[in-house]
Amino acid sequence: MRLPVHPLPLALALTLAFTGCARPGTRPGAAAAPSAPRPAPSLAAASPAAGSAPASAPADAPPASPQGEETADDDDDEGPDDEGDVELPPDATLRPPHPLANVSDRELEERIGRDLPSLGSMSVGRPNGGLLVNGVQLSDGDAWTVVAPGEAWATEETSEYLKTAIHAVTARFPDSPKLAIGDVSARGGGYLKPHLSHQSGRDVDISYYYRGGGRWYQRATAENLDLARTWAFVRALVTLTDVDLLLIDHSIQALLRDYAESIGEDRDWLGLLFKGRGAVPPIIRHAPGHATHLHIRFYNPIAQETGRRAYPVLVRRGLVKVGPQYFVVTARKGDTLARLAKRYDTTVRAIRRANNLRSTLIQAKRTYRIPVSGRAPPALVSGPVAIPPRRLPPGPAQTAAPTAVR
């Protein structure tokens, strides 16, 4: 089976942008009217396993940008790959072996050529620079509705994790209103305007639970937020799925944490979720624009590892098309287009065209796409994708059904 041609960049994007949700004024759940040619995604390496060396930028390149679609000072977009010396709650999840663990590279290439769909979903690269292969399209369910089906393509794991968490809420609160699912990814992944993330089938925009039902993209407040159901949903995401991060506005975080403490949740565990500990960042993080919806990012133990192994074969067989490539950088004080062009061995004209700039003026702390060329396809990671343990609360062991092995 030959996939539809989809542009796949070669260079590693340096940004760690994670928000990627619709800007205020953009119709939620749908692509904004194009103001410039749709750029191709910048493929960045998936989170490396412990001990693997990350791909590097040019020697004098600026540090990786933490800027997202809606803010210039948010945290890193990825969760920790290595908890270091920080003691975390035990991982009681029974995670089965990867279905391709005993499949040789030669056998894998044969299966890609013979029956690509049999390998299941593949999340290739990073959420803010990647692709989706063999994705599944989300549709309305018993406890959720899909706002924009054309932009609701996910990996199988993302789909099942989402359903698991929602059903955990409806099991406890049978009369719960349906959640609204917004943007996930395009059918083949890649750039999904206006997002920087939502590129590899692992990001989901979804509504909060509101008293009386609410509506999609309604601002959550102390008066209309259904704290019991929303906290039950967040708790299920953390304890029953491989969640990477949850983007929630500060004001909503405060309401949820107060409620969780009021019903007896362990304070140390809540601190680990909302504030992090030592080198371990929080799972629940702030990003402007997320008082109207929740942004979820999942780890995908199967889809990420399958994507890592299959990517070189997909490129070699022409099942994905090599296209434009970009570094995504944050301009520093004193930077000019000329300096950026020299630093990245490109031209001012190319940078202006990539960013639809009408002049040569740029602003510090703003992100810009820097086109680059002539680079070889990146090795995503040198070893199996590392997924950190779930941060379970103290008490009786909690387990979720293991991911099905194909």
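Note that the structure is predicted; figures quoted are calculated from it, not measured.
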Keeping [X] on the side-chain end and [Y] on the backbone end, is there a donor-acceptor pair under 3.5 Å?
X	Y	value
Glu265	Leu270	no
Arg235	Ala260	no
Glu305	Val385	yes
Thr292	Arg219	no
His198	Val184	yes
Arg297	Asp203	no
Asn355	Leu357	no
Asn134	Met122	no
Glu157	Ala303	yes
His286	His250	yes

(message) Can you confirm whether more than 12 heavy atoms, excluding those of Asp142, are under 6.0 Å from its CG atom?
(response)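 Check passes, neighbour count above 12.
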So, for [X] and [Y], which heavy atoms are closest and what is the spacing to 0.1 Å?
X	Y	answer
Ser139	Trp144	O-NE1, 2.8 Å
Tyr209	Ser176	CE2-CB, 4.1 Å
Leu108	Val103	N-CG1, 3.7 Å
Ser121	Thr306	O-CB, 4.3 Å
Arg202	Gly125	NH2-O, 4.4 Å
Asp242	Pro301	OD2-CG, 3.5 Å

Between [atom1] on residue [X] and [atom2] on residue [Y], distance to nearest 0.5 Å:
X	Y	atom1	atom2	result
Asp266	Leu272	CG	CG	10.0 Å
Ile351	Tyr344	CD1	OH	9.5 Å
Arg369	Arg353	CZ	CZ	13.0 Å
Ile283	Leu247	CD1	CG	12.0 Å
Glu151	Leu192	CD	CG	5.0 Å
Leu119	Arg111	CG	CZ	4.5 Å

(message) Over 60° means perpendicular and under 30° means parallel, so tell me whether Tyr208 and Tyr210 are parallel, tilted or perpendicular.
(response)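 It falls in the perpendicular class, over 60°.
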(request) Would you check, one step at a time, whether the test side chain to side chain contact (heavy atoms under 4.5 Å, CB included) holds for Leu255 with Thr230? (result) CA-CA 10 Å; Leu255 295 173; Thr230 300; over 6 Å; no
Report yes if the side chains of [X] and [Y] come closer than 4.5 Å at any heavy-atom pair, otherwise no.
X	Y	result
Gln253	Leu256	no
Leu162	Ile206	yes
Gln199	Arg126	no
Arg187	Leu132	no
Leu225	Tyr259	no
Val147	Tyr217	no
Leu294	Leu237	yes
Leu273	Val234	no

(message) Under a 3.5 Å threshold, yes or no: a donor from one side chain and an acceptor from the other, between Asn300 and Thr155?
(response)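 Note: Asn300 and Thr155 side chains meet the donor-acceptor criterion.
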(message) Show, in sequence, the C-alpha distance, side-chain angles and deciding distance for Asp226 and Phe233, and conclude whether the side chain to side chain contact (heavy atoms under 4.5 Å, CB included) test is met.
(response) CA-CA 11 Å; Asp226 188 325; Phe233 183 50; over 6 Å; no
(request) List the steps and the verdict of side chain to side chain contact (heavy atoms under 4.5 Å, CB included) for Leu314 and Leu116. (result) CA-CA 10 Å; Leu314 295 173; Leu116 181 62; 4.1 Å; yes
(message) My understanding is that only one of Arg366, Arg343, Gln363 makes a side chain to side chain donor-acceptor pair (under 3.5 Å) with Asp335; could you say which?
(response)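 Per the side chain to side chain donor-acceptor pair (under 3.5 Å) rule, the option paired with Asp335 is Arg343, out of Arg366, Arg343, Gln363.
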(request) Determine, for Lys193 against Asp183, whether the closest basic-nitrogen to carboxylate-oxygen distance falls under 4.0 angstrom. (result)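 Salt bridge flag = no for Asp183 with Lys193.
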(request) Go through Ser197 and His295 one step at a time and tell me if the side chain to side chain contact (heavy atoms under 4.5 Å, CB included) criterion holds. (result) CA-CA 11 Å; Ser197 62; His295 181 120; 3.6 Å; yes
